[in-house]
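Worksheet: one structure, shown below.
None of these values were measured; they are calculated from a predicted model. Note on naming: letters A, B, ... go to the chains in the order of the sequence lines (proteins, then strands), and numbering restarts at 1 for each one.
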Protein chains: 2
Amino acid sequence: MPAEEPSTRDKLLDAFETLLVTEGSRSATLDNVAGAAGVSKGGLLYHFHSKDDLVDAMLSRMREMGERDIAAMRTAPQGPVDYYLETSVDSGSAFDRALIAAARIAQENDERAGNALAALREQWFAVLSEHLGDEALARTIQLIGDGLYFDDTSGFTHPRALEHVRDVLARLDF
Amino acid sequence: MPAEEPSTRDKLLDAFETLLVTEGSRSATLDNVAGAAGVSKGGLLYHFHSKDDLVDAMLSRMREMGERDIAAMRTAPQGPVDYYLETSVDSGSAFDRALIAAARIAQENDERAGNALAALREQWFAVLSEHLGDEALARTIQLIGDGLYFDDTSGFTHPRALEHVRDVLARLDF
DNA sequence: TCTACTGTACCGTCCAGCCGGTACAGTGCC
DNA sequence: GGCACTGTACCGGCTGGACGGTACAGTAGA
């Protein structure tokens with residue numbers, strides 16, 4: 001089937017996230033978001049009554065994707081650890097973009113974004129910890145995942161980072 | 001000797017960093033920075049001709065602290081690995097604050113900040129890699145450090161994170 | 001007719017940067 | 001010592017533009 005054209009509402013959320021990720025929160029203005037989505041400012045404010053509304057909607061969409069991600073992690077054929085690490089290297093997926101966007105919002109002292117991210121992190125940790133039966137190792141792997149994320153979002157990505165991590169983790173044979 | 005009162009110039013840089021770290025780049029306006037430093041906006045602009053100037057000065061100060069940090073890491077009694085991990089858990093030091101502030105600036109697509117951070121990271125990696133003689137392990141440890149940083153700056157800190165990392169690294173007996 | 005917009009015209013506030021001024025500690029010179 | 005002047009450190013009012021948000025009239029398609 002042909003890829004369905006996303007709704008204007010989703011295009012606006014996509015544009016908001018993309019601006020946050022690629023240019024930071026100062027560039028994510030209503031005018032810029034509307035422009036990037038190919039919509040007028042009036043059109044944006046038709047769908048979202050305020051910037052806060054836009055943030056809420058973005059976080060809701062992220063939570064939904066988060067639930068699907070946790071489920072996928074639990075049932076991943078390569079196991080949760082490898083699934084987690086792989087998806088921590090920014091694949092450019094919609095979920096990754098949403099996560100980074102939420103982190104940007106959280107940095108501006110936004111509790112909603114902070115809480116949403118914290119909740120997700122707890123779930124990831126729970127799956128890792130449950131699977132490994134080793135809290136220290138689960139914590140360490142989550143830290144490595146955080147590092148991979150941080151590097152990607154800061155432009156410090158090393159092409160062989162994931163390979164190196166796998167190499168080291170293999171020595172621990174858990 | 002009594003603690004010397006920092007110069008107005010340094011107070012302004014401190015205030016700029018603190019605002020970036022605690023409230024994000026949107027709050028780090030010239031008015032807010034001046035106010036937080038107990039100076040008028042005119043006073044701020046006497047010392048720094050523009051916001052760009054303020055960023056340049058902040059990065060210069062960070063680079064100086066960075067050189068001292070790399071030197072300290074090389075000669076640390078507990079070894080560079082532990083030194084690196086310990087200082088990755090935000091101690092609230094001036095250097096930590098500068099690093100986080102620079103990361104915030106870098107997120108707004110600022111090449112100067114991005115390059116300054118990248119240069120520092122290369123040096124940290126070089127010391128780790130040299131000391132360990134193991135690129136994969138050095139990379140992994142740097143990722144863990146990045147994760148510790150990311151968590152701290154995002155409010156996700158786990159009190160026993162460092163302890164857990166030490167536990168896992170001990171199993172690798174390098 | 002209803003939904004989903006466009007486009008324009010605003011408003012009040014915030015923001016970066018500019019500029020005229022003030023205070024005051026020196027410094028050179030008669 | 002007295003005067004003229006310089007440089008440093010700062011104040012605070014102002015401007016032009018950006019920003020979030022409001023209001024509303026119009027329109028194209030289902």
Side-chain angles (χ1 to χ4, degrees), chain A residues 2 4-61 101-102 104-113, chain B residues 4-61 101 104-113:
Chain A
E4 206 180 324
E5 172 81 345
S7 67
T8 298
R9 194 189 136 92
D10 274 322
K11 273 195 266 185
L12 284 163
L13 289 174
D14 292 347
F16 183 40
E17 288 176 354
T18 300
L19 274 168
L20 279 170
V21 171
T22 60
E23 306 193 48
S25 57
R26 289 182 78 90
S27 296
T29 66
L30 296 187
D31 270 314
N32 286 350
V33 171
V39 171
S40 71
K41 190 168 155 182
L44 188 161
L45 286 161
Y46 171 78
H47 288 285
F48 307 101
H49 298 324
S50 68
K51 207 176 182 182
D52 255 25
D53 236 39
L54 196 58
V55 172
D56 282 332
M58 192 202 84
L59 293 177
S60 290
R61 213 173 62 159
R104 299 279 200 260
I105 298 285
Q107 280 174 7
E108 312 284 326
N109 259 353
D110 186 303
E111 276 200 18
R112 297 164 298 173
Chain B
E4 205 180 322
E5 172 82 346
S7 67
T8 298
R9 195 189 135 91
D10 275 322
K11 273 195 266 185
L12 284 163
L13 289 174
D14 292 348
F16 183 41
E17 288 176 354
T18 300
L19 273 169
L20 279 170
V21 171
T22 59
E23 304 193 47
S25 56
R26 288 181 78 90
S27 295
T29 66
L30 297 188
D31 268 315
N32 285 350
V33 171
V39 171
S40 73
K41 193 153 117 182
L44 186 162
L45 286 162
Y46 170 77
H47 289 284
F48 307 101
H49 298 324
S50 67
K51 207 177 181 181
D52 257 24
D53 234 40
L54 195 58
V55 171
D56 282 331
M58 192 202 83
L59 293 177
S60 291
R61 215 174 59 160
R104 299 278 200 261
I105 298 286
Q107 281 175 5
E108 312 282 327
N109 258 352
D110 186 302
E111 276 201 17
R112 297 165 297 174

| field | For B/S25 against A/E108, the heavy-atom pair lying closest together | value | N-OE2, 3.6 Å
| field | Listed partners of B/R9 passing salt bridge (Lys or Arg N to Asp or Glu O under 4.0 Å), at least two apart | value | none
| request: Quickly work out the A/D31 CG to C/dT8 P distance and round it to whole Å. | output: 13 Å
| task | Round to the nearest Å and state the distance from B/N32 atom CG to C/dT13 atom C1'. | result | 13 Å
| task | Among the candidates D/dG21, C/dT6, C/dG17, find the nucleotide nearest to the side-chain atoms of B/K41. | result | C/dG17
| Looking for any heavy atom pair under 4.0 Å, which part of the strands does A/T29 touch: base, sugar-phosphate only, or nothing? | sugar-phosphate
| query | For D/dG20, does OP1 or OP2 lie under 4.0 Å from any side-chain N or O of B/R26? | reply | yes
| Interface with DNA chain C, restricted to residues 12-25 of chain A and to heavy atoms under 4.0 Å | none
| request: Determine, step by step, whether A/F48 and A/D56 satisfy the side chain to side chain contact (heavy atoms under 4.5 Å, CB included) criterion, reporting the C-alpha distance in whole Å, the side-chain angles of both residues, the deciding distance to 0.1 Å, and the verdict. | output: CA-CA 10 Å; A/F48 307 101; A/D56 282 332; over 6 Å; no
| message | Whether B/T8 contacts D/dC10 is assessed here as follows: a side-chain N or O lying under 4.0 Å from the phosphate OP1 or OP2. Is that the case? | response | yes
| request: Give the minimum heavy-atom separation between B/L30 and B/K41, together with the two atoms involved. | output: CB-CD, 4.1 Å
| note | Heavy-atom closest pair (A/L13 atom, A/A57 atom, distance to 0.1 Å) is CD2-CB, 3.9 Å
| field | Option among B/L20, B/V39, B/T18, B/L12 that satisfies the side chain to side chain contact (heavy atoms under 4.5 Å, CB included) test with B/V33 | value | B/L12
| Is there a residue in residues 44-61 of chain A whose heavy atoms reach under 4.0 Å of DNA chain C, and which residues are they? | A/Y46, A/H47
| request: Kindly indicate, with the supporting measurements, whether the criterion side chain to side chain contact (heavy atoms under 4.5 Å, CB included) is fulfilled by A/N109 and B/R26. | output: CA-CA 10 Å; A/N109 259 353; B/R26 288 181 78 90; over 6 Å; no
| query | Of the non-hydrogen atoms in A/A113 and A/I105, which two are nearest, and what is the gap between them? | reply | CB-CG2, 3.7 Å
